[in-house]
A.B. asks: 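Got a structure for you, questions after.
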Amino acid sequence: MDLFMKIREHEQVVFCNDEATGLQAIIAIHSTKLGPALGGCRMYPYKSVDEALEDVLRLSKGMTYKCAVSDVDFGGGKAVIIGDPTKDKSPELFRAFGQFVESLNGRFYTGTDMGTTTDDFVHALKETNCIVGVDEAYGGSGDSSVPTAQGVIYGLQATNKVLWGTDDLSGRSYSIQGLGKVGYKVAERLLEEGADLFVTDINQQAIDMLVAKAKKLGAGIKVVSTDEIYSADADIFIPCAMGGIINDKTIDQLRVKAIVGSANNQLLEMKHGQLLQERGILYAPDYIVNAGGLIQVADELYTPNKERVLRQTKAIYNSLLNVYQYSTEQGITTVEAANQFCEQRIKARTQRNSFFSHNKRPKWAVRT
Ligand code: NAD
């Protein structure tokens, strides 16, 4: 497909090259209809510019939906740096990247994603204020996995409400894939609520810590292999590791009644949403469930406030209930329902207000 066809849906795509630092990056702004574009910056050793472009176009569009459903005044954007995060990083490279972000004059805000850390953006922050998810030591909001995990809990409560008529998390069993920053916090909370868990991780230390905690609480926990997690006899599957895990190989193994997790892009393809529905498995769209982190970074420019973030994260509960209901009414998958819900919200917002100037930074921004 020719380049112009590929980028047709996007407002702006910027190719950034800096010979001195070796920076090769692409910034894609999908939409600024709801506000300046917001999205993390991923660093990955893409095999070609084409592969990097595909990734940034897809991810930036996803951010438009995620921002819309989270009701934050941002649009969708994303950046990718072509390079190996273990070898190609330097302070100068991130300063050069910061200069490109600054050149967009507030149309794009970015921060960490796969392959980048808050330390990298300390350098970019010297060139631009359009950085979010900044370390607390630099006046940012810090670890976003706290609201993300809380969002998963709200997602589970909404799902339990639909399946069993109650928000109560206890007395049910959950299978958790990945006990990292998000998964571990979700697991701890579920154990405290009196739930039974099946867990897996490739990190034995995380497993040992959780098992010790379960023992202390007298709660039920079963450690299974990374393959066995798909067929665990649990009520709800909670993917909190990598994407693409609902695919042709795993879908027939699932015995759960629902999937509610933080991992990004859980469905390998859209058709897997349809296949889950046909199997009677309720799927909570990942970009709704894991929006807590986005809510925190979007909120950061007001000056960080953890309580306000958690209050806003609570909206995940009602958003999911609305999406479940709309999907049933329309006879469409929950992902289609969520996407339509976002498109309607963007349409309603753009029809209501034509005074917003995309070139202006948000009025509330403190780092201007
Ligand atoms: P993390 O890196 O802290 O945790 C991931 C965990 O998964 C690790 O403990 C890792 O050992 C484990 N893991 C890796 N491969 C595995 C496998 N094959 N089987 C089982 N476990 C495996 O990441 P995180 O911050 O907890 O995020 C988890 C997921 O949620 C990711 O997909 C991330 O993109 C998404 N997410 C996170 C946030 C956030 O605020 N941290 C926000 C939105 C989405």
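What you are looking at is a predicted structure, and each value in this text was computed from that prediction instead of being measured. All ligand and atom numbering here is 1-based and tracks the order in the structure.
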A.B. asks: Which part of Ala263 is near ligand 1, with near meaning a heavy atom under 4.0 Å away: side chain, backbone, both or neither?
C.D. replies: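 Near ligand 1, Ala263 shows its backbone as well as its side chain.
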A.B. asks: Is a donor from one side chain sitting under 3.5 angstrom from an acceptor on the other, for Gln296 and Ser144?
C.D. replies: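 No.
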A.B. asks: For Cys240, take its heavy atoms, then give the atoms of ligand 1 lying under 4.0 Å from any of them.
C.D. replies: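 Here the atoms of ligand 1 in question are 5 (C), 28 (C), 29 (C).
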A.B. asks: Could you tell me the residue and atom name of the protein heavy atom closest to atom 4 (O) of ligand 1, and the distance to it rounded to 0.1 Å?
C.D. replies: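 Checked against all protein heavy atoms, atom 4 (O) of ligand 1 sits closest to Gly180 CA, 3.2 Å.
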A.B. asks: Is there side-chain contact between His272 and Asp248, with heavy atoms separated by less than 4.5 Å?
C.D. replies: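 Of all side-chain heavy-atom pairs linking Asp248 with His272, at least one is under 4.5 Å.
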A.B. asks: Would you indicate which of Asn203, Asp201, Val289, Asp113 comes nearest to atom 10 (C) of ligand 1 when only heavy atoms are counted?
C.D. replies: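 Ranked by closest heavy atom to atom 10 (C) of ligand 1, first place is Asp201.
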A.B. asks: Can you tell me if Glu11 uses its side chain to pair, donor with acceptor, with the backbone of Thr32 under 3.5 Å?
C.D. replies: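 Yes: the side chain of Glu11 pairs with the backbone of Thr32.
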A.B. asks: Please check if the distance between the ring centroids of Phe341 and Tyr326 is under 6.0 Å.
C.D. replies: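 Between Phe341 and Tyr326, the centre distance exceeds or equals 6.0 Å.
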A.B. asks: Less than 3.5 Å apart, any donor N or O on the side chain of Ser141 or Glu300 sitting next to an acceptor on the other?
C.D. replies: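 Yes.
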A.B. asks: Return a yes/no value for Thr148: is any of its N or O atoms, backbone included, closer than 3.5 angstrom to an N or O of ligand 1?
C.D. replies: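 Checking ligand 1 against Thr148, an N or O pair does fall under 3.5 Å apart.
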A.B. asks: I'd like to check Arg107 versus Ile29 (side-chain heavy atoms, cut-off strictly below 4.5 Å). Are they in contact?
C.D. replies: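 The answer is yes; the side chains approach within 4.5 Å.
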A.B. asks: How far is atom 23 (O) of ligand 1 from the closest protein heavy atom, and which atom is that?
C.D. replies: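 I find the closest protein heavy atom is Lys181 NZ, 3.9 Å.
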A.B. asks: Output the list of atoms in ligand 1 that are nearer than 4.0 Å to some heavy atom of Met242, sorted by atom number.
C.D. replies: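 Matching atoms, with element in brackets: 15 (N), 16 (C), 17 (C), 18 (N).
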A.B. asks: Would you mind checking which non-hydrogen protein atom is closest to atom 19 (N) of ligand 1, with the distance to 0.1 Å?
C.D. replies: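 Going by distance alone, atom 19 (N) of ligand 1 is nearest to Thr226 CG2, 3.4 Å.
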A.B. asks: Under 4.5 Å between any side-chain heavy atoms of Ser327 and Gln277, yes or no?
C.D. replies: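 The answer is yes, as the side chains (C-beta and beyond) meet within the 4.5 Å cut-off.
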A.B. asks: Below 4.0 Å, non-hydrogen atoms only: which portion of Leu179 touches ligand 1? Side chain, backbone, both or neither.
C.D. replies: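 Only the backbone of Leu179 comes within reach of ligand 1.
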A.B. asks: Do the rings of Phe237 and Tyr230 sit parallel, tilted or perpendicular, given the 30° and 60° boundaries?
C.D. replies: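 Answer is perpendicular, since the angle exceeds 60°.
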A.B. asks: Ligand 1 and Gly183, any nitrogen or oxygen pair closer than 3.5 angstrom?
C.D. replies: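 No, there is no polar N/O contact under 3.5 Å.
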A.B. asks: In this structure, is the centre-to-centre distance between the rings of Phe94 and Phe121 below 6.0 Å?
C.D. replies: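 When the ring centroids of Phe121 and Phe94 are compared, they turn out to be within the sub-6.0 Å range.
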A.B. asks: I need the nearest protein heavy-atom contact for atom 37 (C) of ligand 1: residue, atom name and distance, please.
C.D. replies: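 Residue, atom and distance for the closest contact: Val182 CG2, 4.0 Å.
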A.B. asks: Look at atom 33 (C) of ligand 1 and say which protein heavy atom is nearest, naming residue and atom and giving the distance to 0.1 Å.
C.D. replies: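 Of the protein heavy atoms, Asn264 ND2, 4.1 Å lies nearest.
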A.B. asks: Give the atoms of ligand 1, by number and element, whose distance to some non-hydrogen atom of Ser144 is under 4.0 Å.
C.D. replies: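 Answer, ordered by atom number: 39 (C), 40 (O).
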A.B. asks: Is Asp167 close to Leu156 at the side-chain level, that is, under 4.5 Å between some pair of heavy atoms?
C.D. replies: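 The answer is no; the side chains never approach within 4.5 Å.
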A.B. asks: What protein heavy atom sits nearest atom 15 (N) of ligand 1, and how far away is it?
C.D. replies: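 The closest one turns out to be Ile202 CD1, 3.6 Å.
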A.B. asks: Going by the atom numbers of ligand 1, which of them fall below 4.0 Å from some non-hydrogen atom of Ser145?
C.D. replies: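 Heavy-atom distances to Ser145 below 4.0 Å select 40 (O), 41 (N).
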A.B. asks: Salt-bridge test for Lys78 and Asp55: reply yes if a basic N is under 4.0 Å from a carboxylate O, no otherwise.
C.D. replies: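 No, no charged N to carboxylate O under 4.0 Å.
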A.B. asks: Return the closest protein heavy atom for atom 30 (O) of ligand 1 as residue, atom name and distance.
C.D. replies: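 For atom 30 (O) of ligand 1, the nearest protein heavy atom comes out as Ser262 OG, 2.8 Å.
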A.B. asks: Just need the protein heavy atom nearest to atom 31 (C) of ligand 1, so name the residue and atom and give the distance.
C.D. replies: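 Checking every protein heavy atom, the shortest distance to atom 31 (C) of ligand 1 gives Ala241 O, 3.1 Å.
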A.B. asks: Return yes or no for this condition: an N or O of Asn290 is under 3.5 Å from an N or O of ligand 1.
C.D. replies: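 There is no such contact.
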A.B. asks: Yes or no on side chain to side chain contact (heavy atoms under 4.5 Å, CB included) for Thr313 and Tyr154, after CA distance, side-chain angles and deciding distance?
C.D. replies: CA-CA 8 Å; Thr313 302; Tyr154 289 131; 4.2 Å; yes
A.B. asks: Which ligand 1 atoms does Gly178 reach within 4.0 Å, using its non-hydrogen atoms?
C.D. replies: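 Counting from 1, the qualifying ligand atoms are 7 (O), 21 (N).
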